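Both ligands and their constituent atoms are indexed starting at 1 by order of listing. It should be emphasised that the depicted structure is a prediction, and the values quoted were computed from it without experimental measurement. Computed over heavy atoms, backbone and side chain alike; hydrogens, waters and symmetry mates excluded.
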Amino acid sequence: MEEQIQNLKNQALAQIISSETPEDLESLRVTYLGRNGHINKIVEKIPTLELQQRAAIGRMVNDVRVAVEEALRSQYIDLTTQQKTEWFDPTVPGIIPKIGHLHLITQAIEEISEIFQRIGFVRVRYPEVEWDWFAFEALNMPKNHPARDEWETFFVDTPSHLRYGQMVLTPHTSSGQPREMQRVKVPPIRMINIAKTYRRQFDQTHAPMFHQFEGLVIDKGINITHLKGTIDHFARQFYGPGAVSRIRPFHFRFTEPSFEVDFSCVHCMGKGCKFCKSGWHEVGGAGMVHPNVLRAGGIDPKKYTGFAFGWGVERTLLLKPGVNINDIRTLYGTDLRYLKQF
Ligand code: FA5
């Protein structure tokens, strides 16, 4: 009986090892391990054996069952992985993994932050969803003031705050001015607030979501020359040594006097060319912080003065040579042919 079991094991393992397909293996499994298979046939005979033989034969049969199961499993793995690797051609060139990079707006934001941080500005972030009070009221634009229209604001349909009014999507980073004054409390303040901003605008030069960067400096004795020096410094650092800025009189409720800020065209350095028409590009506004805004932020306008500026990141970026698009919305597209150039 022992010899018969040993022969059965050898025969089963030999057949398993030489089998060539998973289907062959399945038929061997039925032949040896199935209900009417060879192993069960021996098991059925065990009760007919002498008492002292039964335990030893039982153990032997069990060892054979385990060996056959293990051989079936390992041969199956061999056959199936062999089938897959059979077609592997090591000479086929590999697939180069796609490596991404920061989006060019993010790159611009990092560059802008670094330029201002090097001259002592502190980067801060204020909410993308803001209260009316910070976006307008504290900036000298009382309720129903027509100047608010300029900001084509998205209002959030939630109950108003008792003190801060309605919830809005931040229409400009100037809302960071009163927030920063309240945070710092006692000047000096040198803030650079870069954030997403939202307006109900959509055309070649306007996106409903865009980015602004807001500078705010408050201290004793701050005047327009500090503002102009800071703007010129930024122009040289961002566009190159020859770049200059120009400020033109304008009106904002939250600065007095107020200006619009232009940078010289990098292609013609202010002479006028096909990229700029007049030699200049407008990037945003600036001015000396209005006393009412200082008061709203808890700062005494008799002791302190300050300047502020707020420019569009995208507009500022588009003036760089090489960016070369005539529709701001391209920046938010997913066309990798454009994006991967940067
Ligand atoms: C303001 O938002 C003022 N808060 C700027 C300011 C700050 C003035 C501090 C004085 C002191 P204005 O609405 O002009 O200003 O927007 C500033 C710049 O944001 C624009 O010149 C433009 O560069 C950019 N901008 C405005 N709207 C859009 C838009 N829809 N898409 C892309 N860029 C925009």
Could you check [atom] against the protein and tell me its nearest heavy-atom contact, residue, atom and distance included?
atom	answer
atom 15 (O) of ligand 1	Phe252 CE2, 3.7 Å
atom 3 (C) of ligand 1	Phe254 CZ, 3.8 Å
atom 13 (O) of ligand 1	Arg199 NH1, 2.8 Å
atom 25 (N) of ligand 1	Phe210 CE1, 3.4 Å
atom 5 (C) of ligand 1	Gly310 O, 3.5 Å
atom 22 (C) of ligand 1	Arg315 NH1, 3.2 Å

Checklist entry - With a distance cut-off below 6.0 Å to the six-membered ring centre and an angular limit of 45° from the axis, does Arg179 pair with Phe134 as a cation-pi contact? => result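 Cation-pi check for Arg179 and Phe134: passes.
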
Checklist entry - Checking Lys320 against Phe238: charged group under 6.0 Å from the ring centre and within 45 degrees of the axis? => result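 Pair Lys320/Phe238 counts as cation-pi.
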
What atoms in ligand 1 come closer than 4.0 Å to a heavy atom of [X]?
X	result
Ala286	8 (C), 10 (C), 11 (C)
Phe309	7 (C), 9 (C)
Glu282	21 (O)
Gly312	18 (C), 19 (O), 23 (O), 24 (C)
Gly285	6 (C), 8 (C), 10 (C)

Checklist entry - Shared ILVMFWY cluster between Ile105 and Ile112, side chains joined below 4.5 angstrom? => result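 As far as the 4.5 Å side-chain criterion goes, Ile112 and Ile105 are connected within one cluster.
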
At under 4.0 Å between heavy atoms, is it the side chain or the backbone of [X] that contacts ligand 1, or both, or neither?
X	value
Gln201	side chain
Ser258	neither
Glu214	side chain
Trp151	side chain
Ile328	side chain
Gln212	side chain

Checklist entry - Looking at CG of Asp300 and CZ of Arg295, how far apart are the two atoms once the value is rounded to the nearest 0.5 Å? => result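 Answer for the CG-CZ pair, Asp300 versus Arg295, is 8.0 Å.
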
Next on the checklist: To the closest 0.5 Å, what do you measure between CG (Asp262) and NE2 (His281)?
Outcome noted: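 These two atoms lie 9.5 Å from each other.
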
Has ligand 1 got any nitrogen or oxygen that is less than 3.5 angstrom from a nitrogen or oxygen of [X]?
X	value
Thr255	no
Val283	yes
His206	no
Ala207	yes

Check ion pair [X]-[Y] (N to O, under 4.0 angstrom):
X	Y	result
Asp232	Lys228	yes
Arg73	Glu70	yes
Arg148	Glu137	yes

Next on the checklist: Using a 6.0 Å cut-off, check whether atom CG of Asn36 has over 12 heavy atoms from anything other than its own residue.
Outcome noted: no

Item to check | Heavy atoms from other residues, nucleotides or ligands near CZ of Arg200 exceed 12 (cutoff 6.0 Å) | outcome: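 Open.
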
Checklist entry - Hey, is Phe259 one of the residues with a heavy atom under 4.0 angstrom from ligand 1? => result no

Item to check | Any Glu150 heavy atom less than 4.0 Å from ligand 1 | outcome: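 No, that is not the case, since the closest heavy atom of the residue is not under 4.0 Å from the ligand.
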
Checklist entry - Does a donor on one side chain sit under 3.5 Å from an acceptor on the other, for Glu69 and Tyr32? => result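 No - no donor-acceptor pair under 3.5 Å links their side chains.
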
Checklist entry - Do you see a donor-acceptor pair shorter than 3.5 Å between the side chains of Gln204 and Arg329? => result no

Item to check | Phe213 ring center within less than 6.0 Å of Phe234 ring center | outcome: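 Ring-ring flag for Phe234/Phe213: true, centres closer than 6.0 Å.
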
Item to check | Pro188: side chain to side chain contact (heavy atoms under 4.5 Å, CB included) partners, not counting sequence neighbours | outcome: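 So Pro188 forms a side chain to side chain contact (heavy atoms under 4.5 Å, CB included) with Asp219.
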
